[in-house]
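Okay, so here's the structure we're looking at.
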Amino acid sequence: MELESILLPGMDDKRPLVIAGPCSAETEEQTLNTAKSLASNGIKIFRAGIWKPRTKPGGFEGVGSIGLQWIKKVKAETGMYTTIEVATHDHVFEALKAGIDILWIGARTVVNPFAVQEIADALQGANISVLIKNPVNPDLELWIGAIERIYRAGIRRLGVIHRGFSSHEKKVYRNSPLWHIPIELRRRYPQIPIFCDPSHIGGNRELIAPLCQQAMDLNFDGLMIESHINPDEALSDASQQLTPTALDLLLNLLVIRDMTQTTESLTALRYQIDNIDEGLLELLGKRMRVSYEIGVYKKEHNMPILHTLRYGEILESRPKSGLSMNLNPDFIKKIYSAIHEESIRQQMLVMDESKFEE
Ligand code: PEP
Ligand code: MN
């Protein structure tokens, strides 16, 4: 893949390259006031959604094409570059006509190869920059597929945006960062600049700063952050938007480390460990819940807690299975003894409950 620099005239190559602006353009006044405030703090690229993909009908679906006029005004009055989300052939056509500088493809669009191909066809031969968000589901191949479609349309100023991955379980993050996925993308395509969108990962204001720092520690190139002149009144994503002043403060506090290859790899590896540990804890929690249910079953059927035969079977089979994954059998035995001990404790609690009931 041969790419051209994502930097447009007047942008310096210092990390992070920041894109900021409201989730949605709502009124001309809100769009311009936000943009002017951001520009006065040195932000060079202004984002605003005008066609909003909403999970459910009835939400604010964006102001539509009228917003293009406001964004053109932003460019004329502040000199900022502009970027909007496109999801269809018509969006691309209108954005190109309006002189938008950078287009981004949203997470809900990237999941659909038909939609991405439609956008790619509309972009054929256009001289514009395109940023591709990760799909909502953690599927790296799908993300790469979208990148390839846009590249094949002749787009050379290409970048990606990591905005996290949705999950049905309630978590700290609105969209889990699963850092190992963009890290793997970087390993395979080191030439593609990566932006982090902490707003859609975090889903609330407090998480934006630590996420930006993590993205910088992982040597990401840029940040796309939602900023609104009056976040609490925002018509979409109110809880995750920052005022331009809060954003400025946050950016000034970021520590940009001069990274050598070694520390970058170490940080990347540590994020992998964090992700794996999160998974291990989730599984342990699940296992203990099942243990508890077994306890309930035993109580109902008047069975004893300890089945020595079953315990022996686990202690024998698990170390054997572990061997095929290069795991030391003594280590696995120790872990399973501890897990079993905790299972027994859980089941004793269930039995004890019965004392009070009877
Ligand atoms: C957005 O950037 O406002 C947006 C809709 O993001 P995503 O596609 O990541 O959900
Ligand atoms: Mn948003």
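We count ligands from 1, going down the list as the structure has it; atoms in each ligand are counted the same way.
- When Arg47, Glu226, Arg108, Arg163 are checked for heavy-atom proximity to atom 2 (O) of ligand 1, Arg47 turns out nearest.
- With sequence neighbours excluded, no residue forms a side-chain hydrogen bond (donor to acceptor under 3.5 Å, both in side chains) with Glu282.
- Excluding waters, the set of protein N, O or S atoms lying under 2.8 Å from the Mn ion (ligand 2) comprises Cys23 SG, His200 NE2, Glu226 OE2, Asp237 OD2.
- Nearest non-hydrogen protein atom to atom 8 (O) of ligand 1 is Ala107 N, 2.9 Å.
- Protein heavy atom nearest atom 6 (O) of ligand 1, with residue, atom name and distance: Lys133 NZ, 2.9 Å.
- Residue-ligand proximity, Gly106 to ligand 1, at heavy-atom distances under 4.0 Å covers atoms 8 (O).
- Judged by the shortest distance from any of its heavy atoms, Cys23 lies inside the 4.0 Å radius around the atoms of ligand 1.
- Not a single N or O atom of Met224, backbone or side chain, sits closer than 3.5 Å to an N or O atom of ligand 1.
- Side chain of Gln241 to main chain of Cys23: a donor-acceptor pair is present (N/O by atom type, distance under 3.5 Å, no hydrogens or angles).
- Using bins of under 30°, 30° to 60° and over 60° for the plane-to-plane angle, the ring pair His162/Phe220 lands in the perpendicular bin.
- The existence of a salt bridge linking Asp121 and Arg152 is excluded, since no basic side-chain nitrogen approaches an acidic carboxylate oxygen closer than 4.0 Å.
- No donor-acceptor pair closer than 3.5 Å links the side chain of His301 to the backbone N or O of Met303.
- Contact annotation: for Glu85 versus ligand 1, heavy atoms closer than 4.0 Å belong to the side chain alone.
- Atoms of ligand 1 lying under 4.0 Å from at least one heavy atom of Lys52, given by number and element, are 1 (C), 3 (O), 5 (C).
- With Ile19 as the partner, the side-chain contact (heavy atoms from CB on, under 4.5 Å) test is satisfied by one option alone out of Asp197, Leu131, Thr82, Ile225: Leu131.
- Ring geometry for Trp51 against His91 counts as parallel: the plane angle stays under 30°, on a 0 to 90° scale with 60° as the upper cut.
- A donor-acceptor contact shorter than 3.5 Å links the side chain of Gln191 to the backbone of Met1.
- Environment of CD in Gln272: crowded, with over 12 heavy atoms of neighbouring residues, nucleotides or ligands closer than 6.0 Å.
- Scanning the protein heavy atoms around atom 4 (C) of ligand 1, the nearest turns out to be His200 NE2, 3.5 Å.
- In this structure, Arg156 satisfies the cation-pi test against Tyr151, with its NZ or CZ atom closer than 6.0 Å to the six-membered ring centre and inside 45 degrees of the ring normal.
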